[in-house]
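Input: a single structure, listed below in structure tokens.
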There are 2 protein chains.
Amino acid sequence: MTTKVNEEIDRALLELVKDGLVTGASADKITLRILGESTPPKPAPLSPDEIRALRERENVSQAVLARHLNVTVGYVSKIERGAKRPSGSALAMLHLIKRKGIAALA
Amino acid sequence: MTTKVNEEIDRALLELVKDGLVTGASADKITLRILGESTPPKPAPLSPDEIRALRERENVSQAVLARHLNVTVGYVSKIERGAKRPSGSALAMLHLIKRKGIAALA
DNA sequence: CTTTTTATGGCTCCTGGTGCTATAGTTCTT
DNA sequence: AAGAACTATAGCACCAGGAGCCATAAAAAG
């Protein structure tokens, strides 16, 4: 896309990206190749108990958590009982909350 | 669950929560009732073009975005072409990125 | 030029997640 | 005290979100 303009600078910027010192914005497109090992790993599955513990740690009701995840209350109830297992983005968000707290989604 | 201990302090803390001055942790459980209008609204659907524009704004490849959302590359490709429409947590995360940037998910 | 990665496209298939409904316990309001 | 409103659980039918697979083309890396 961007035609090679000033390769030196570009390379330097990409170095920073690679090191996680810079998040993106400038330089060329960030690809998997560039990020390499520093790409977010596939989030591990969370047990029903872990999910409930997580929610209680954040001190929110199922309804509030549901809104943040953009899912239904019934679904939250189910994943806490083990009737359903979250995957995909739902799982990603739970991990996000686990790491940074619900406040991070505000 | 928690038996009313020192209602005065509790009430005061909940006031702070209600005002968004405090995020949780202490006080009683945060419920929808308490949050009221300050609850995250249902995210509006994003058009294929908006999604692609968003990704390009963040300068990441489909593969990188996919990892962040914890979905497959194929799926990202599809929602950018309109072959599938994201909903639930996937949509929530896209809005998150739109608001705070991909860096917020790190 | 060769290899790797990105992006698209299509097909099948499974289950995540919805919607609805009902019940019971809590906590507010009057 | 009774009632309204919210929380949490539960079950069931149903749809489409998203996975997995394979193939193709094009761009970037080496």
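Just so it is clear: chains get the letters A, B, ... in the order the sequence lines come, proteins before strands, and each one is counted from 1.
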Do A:Asn59 and A:Ile102 have side-chain heavy atoms sitting under 4.5 Å apart?
no
Can you figure out which of D:dG11, D:dG17, C:dG9 approaches the side chain of A:Arg81 most closely?
D:dG11
Which nucleotide in the set D:dA8, C:dT6, C:dA7 lies at the smallest distance from any side-chain heavy atom of A:Thr31?
C:dT6
Under-4.0 Å side-chain N/O to phosphate OP1/OP2 contact, A:Lys42 with D:dA19
no
Between C1' of C:dG16 and CG of A:Leu91, the distance in whole Å
12 Å
When rounded to whole Å, the CG to P distance for the pair B:Leu65 and C:dT8 reads 12 Å
Please tell me which of the listed nucleotides, C:dG17, C:dT6, D:dT9, lies nearest to the side chain of A:Tyr75?
C:dG17
C:dT27 C1' sits how many Å from B:Leu35 CG, rounded?
16 Å
Choosing from C:dA7, D:dT7, C:dG17, which nucleotide comes nearest the side chain of A:Lys84?
C:dG17
Within residues 72-85 of chain B or reaching into it, pairs that qualify as side-chain hydrogen bond (donor to acceptor under 3.5 Å, both in side chains) - sequence neighbours excluded:
B:Arg52-B:Glu80, B:Arg55-B:Glu80, B:Gln62-B:Glu80, B:Ser77-B:Arg81
Name the residue closer to the 5' end of DNA chain C, choosing between B:Ser61 and A:Ser89 according to the nucleotide with the nearest heavy atom.
B:Ser61
Of B:Lys78 and B:Arg85, the one whose closest DNA chain D nucleotide lies more 5':
B:Arg85
What's the CZ-C1' distance between B:Arg52 and C:dA7, to the nearest Å?
8 Å
Under 4.0 Å, heavy atoms only, any strand: does B:Ser87 hit a base, just the sugar-phosphate, or nothing?
sugar-phosphate
Heavy-atom pair with the smallest gap, counting every atom of A:Leu94 and A:Leu46:
CB-CD1, 3.6 Å
Do the side-chain N or O atoms of A:Arg55 get closer than 4.0 angstrom to the phosphate oxygens (OP1, OP2) of D:dA8?
yes
Tell me the interatomic distance from A:Met93, atom CE, to C:dG16, atom P, rounded to whole angstroms.
18 Å
Output, in order, the C-alpha distance, side-chain angles, deciding distance and verdict of side chain to side chain contact (heavy atoms under 4.5 Å, CB included) for A:Ser89 and B:Val71.
CA-CA 7 Å; A:Ser89 300; B:Val71 297; 3.7 Å; yes
Choose from C:dA7, C:dG16, D:dC6 the nucleotide whose nearest atom is closest to any side-chain atom of B:Gln62.
C:dA7
Are any of the side-chain heavy atoms of B:Leu65 and B:Ile97 separated by less than 4.5 Å?
yes
Measuring from the side chain of B:Arg33 (C-beta onward, heavy atoms only), which nucleotide among D:dA8, C:dT27, C:dG17 has the closest atom?
C:dT27
B:Thr72, nearest nucleotide to its side chain (from D:dG18, D:dA8, D:dA19)
D:dA19
Nearest-angstrom distance from the residue atom CD1 of B:Ile34 to P of D:dT7:
9 Å
Taking atom P of C:dG9 as reference, at what distance in whole Å does atom CD of B:Glu80 sit?
11 Å
Please state how far atom CG in A:Leu69 lies from atom C1' in D:dG17, giving the value in whole angstrom units.
16 Å
